[in-house]
Protein chains: 2
Amino acid sequence: MAVSSRPQRKARDAYHHGNLREALIAQAVQTIRKHGVEGLTLRGAGADLRVSRTALYRHFPDKHALLAAVATEGFRSFRAALLAAWESAGRGREGFAAMGMAYVRFAVINPSHYRVMFGGFLDSAGTESELSVAGAEAFQVLLDAIAEQQAQGLIRAEDPLPLAQYIWAAVHGIAMLVIDGRLQGAQTGEELARFAMARIRTGIDPGA
Amino acid sequence: MAVSSRPQRKARDAYHHGNLREALIAQAVQTIRKHGVEGLTLRGAGADLRVSRTALYRHFPDKHALLAAVATEGFRSFRAALLAAWESAGRGREGFAAMGMAYVRFAVINPSHYRVMFGGFLDSAGTESELSVAGAEAFQVLLDAIAEQQAQGLIRAEDPLPLAQYIWAAVHGIAMLVIDGRLQGAQTGEELARFAMARIRTGIDPGA
DNA sequence: ACCTGAACACCGTTCAAGT
DNA sequence: ACCTGAACACCGTTCAAGT
């Protein structure tokens with residue numbers, strides 16, 4: 001009985017030692033995916049990980065910190081998805097459109113996670129925090145893509161920051177409206193993103 | 001003492017009779033403005049209105065319904081603000097840009113209220129609900145403005161729905177990013193909205 | 001009809017105590 | 001160091017009872 005109650009050697013130590021923080025984040029991501037942010041409770045997370053209700057206070061000061069870690073993790077895979085779309089579509093005009101569509105696709109595939117990243121649950125104030133850095137690095141992918149196109153004469157030469165902010169806002173807005181189910185027309189979110197990127201392209205061409 | 005404890009004639013009846021629903025919504029709007037959505041509790045709202053904790057269940061099935069009523073009220077004044085900007089700026093190209101800026105201004109002035117309207121707290125599923133109607137009516141202002149400009153040859157003739165959705169998403173995205181404090185550059189939200197409307201204009205001109 | 005008080009089933013968080 | 005159990009101060013919601 002003593003043996004059968006231990007599924008793996010040192011399972012107990014494995015749970016409680018070192019990787020509880022990571023296990024907590026992974027568990028939270030899964031719970032949020034299945035039941036939304038409001039479905040995440042510290043007590044439930046502790047129970048899922050066979051750990052005391054208060055164990056996670058050793059790794060996070062409070063629930064907000066856990067959510068911030070979840071959002072940070074989200075921004076990192078988000079950045080990877082944007083970069084992959086940009087590169088695998090050959091950069092340039094096509095890659096840029098692909099990146100816009102990948103943006104919306106990420107949000108549609110991970111709606112709850114995306115909401116944690118952008119839903120205003122976090123302070124997002126501490127400019128030094130890991131979260132802010134991860135968010136800025138995702139934004140940087142867009143900024144770099146614009147600068148590269150400007151260098152190639154594909155986008156008119158001007159301050160890339162407001163350009164990037166405008167485009168970010170457009171795809172972010174599409175993502176949010178789609179997630180909220182507020183786009184009633186026939187189009188999917190990705191189709192609308194394609195449409196938007198085409199219109200944006202017309203508005204930022206060098207000749208325009 | 002009996003008299004001094006009654007600030008107004010029939011104050012008690014006034015509180016509890018007929019207008020409790022409206023008083024509850026107004027109180028919730030104020031609380032949300034001051035302390036955010038998470039600061040709104042039914043118990044606190046009841047206490048503020050000198051009413052029992054459970055009194056409001058006579059007027060709303062649950063807390064979600066109260067928030068939906070708050071959002072509905074928000075969409076109505078939102079619609080009025082958009083329409084006022086469109087009309088007082090002389091419609092056409094100028095009015096359209098003014099409407100975009102008014103959109104972001106509303107969100108900046110009423111961030112918490114705006115978040116309730118778009119934050120995903122509500123189901124927004126029931127297409128028949130008052131909330132959906134109020135939201136659709138606000139969207140309709142944008143749709144009408146586009147159609148009017150198309151009739152005047154100011155916007156290329158094509159299906160106005162994706163056009164409206166794209167523009168809605170752009171200003172919505174700006175509003176959300178500004179509210180979340182995620183736009184670090186020098187520009188204010190309204191300035192970015194002006195920039196965006198100019199770029200959007202270039203992309204939807206008949207000649208483009 | 002509308003309102004009330006007590007109670008239920010949850011939360012996040014703290015804290016003294018264990019190993 | 002890391003974890004635990006009990007306790008505290010909150011929630012939303014229900015329900016029998018009052019007028």
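Not measured: the values here are computed from a predicted model.
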- Using side-chain hydrogen bond (donor to acceptor under 3.5 Å, both in side chains) as the criterion, list what pairs up with Asp144(B), not counting sequence neighbours. Gln140(B)
- Message: The criterion is side-chain hydrogen bond (donor to acceptor under 3.5 Å, both in side chains); which residues satisfy it with Arg33(B), sequence neighbours excluded?
- Response: Asn110(B)
- Note on the structure: So the salt bridge (charged side-chain N to carboxylate O under 4.0 Å, His left out) pairs with at least one residue in residues 62-88 of chain B (sequence neighbours excluded) are Arg76(B)-Glu130(B), Glu87(B)-Arg91(B)
- So which pairs with a foot in residues 100-119 of chain B pass salt bridge (charged side-chain N to carboxylate O under 4.0 Å, His left out), sequence neighbours left out? Arg105(B)-Glu190(B), Arg115(B)-Asp180(B)
Value in whole Å for how far the [atom2] atom of [N] lies from [atom1] of [X]:
| X | N | atom1 | atom2 | value |
| --- | --- | --- | --- | --- |
| Leu24(B) | dC3(C) | CG | P | 10 Å |
| His59(A) | dA1(D) | NE2 | C1' | 10 Å |
| Leu20(B) | dC2(C) | CG | C1' | 9 Å |

- Could I get the full list of ring pair (Phe, Tyr, Trp, His ring centres under 6.0 Å) partners for Phe195(B), not counting sequence neighbours? none
- Query: For Phe118(A), what residues pass the ring pair (Phe, Tyr, Trp, His ring centres under 6.0 Å) criterion, not counting sequence neighbours?
  - Reply: Phe75(A), Tyr114(A), His172(A)
- Message: If the condition is salt bridge (Lys or Arg N to Asp or Glu O under 4.0 Å), which residues does Arg43(B) pass it with, not counting sequence neighbours?
- Response: none
- Note on the structure: For Glu38(B), the salt bridge (Lys or Arg N to Asp or Glu O under 4.0 Å) test, sequence neighbours excluded, returns none
- Query: Residues in side chain to side chain contact (heavy atoms under 4.5 Å, CB included) with Pro160(A), at least two apart?
  - Reply: Leu143(A), Ile146(A), Gln150(A)
- How long is the span from the CD atom in Glu137(B) to the OG atom in Ser132(B), to the nearest 0.5 Å? 11.0 Å
- Duplex segments of DNA chain C, taken as runs of at least three Watson-Crick or G-U pairs that stay under 3.5 Å: C:4-8 with D:12-16, C:12-16 with D:4-8
- Query: When you check every protein heavy atom under 4.0 Å of nucleotides 9-14 of chain C, what one-letter string (B, S, -) results, 5' to 3'?
  - Reply: --BBBB
Distances for protein N or O near nucleotides 16-19 of chain D N or O, under 3.5 Å:
none

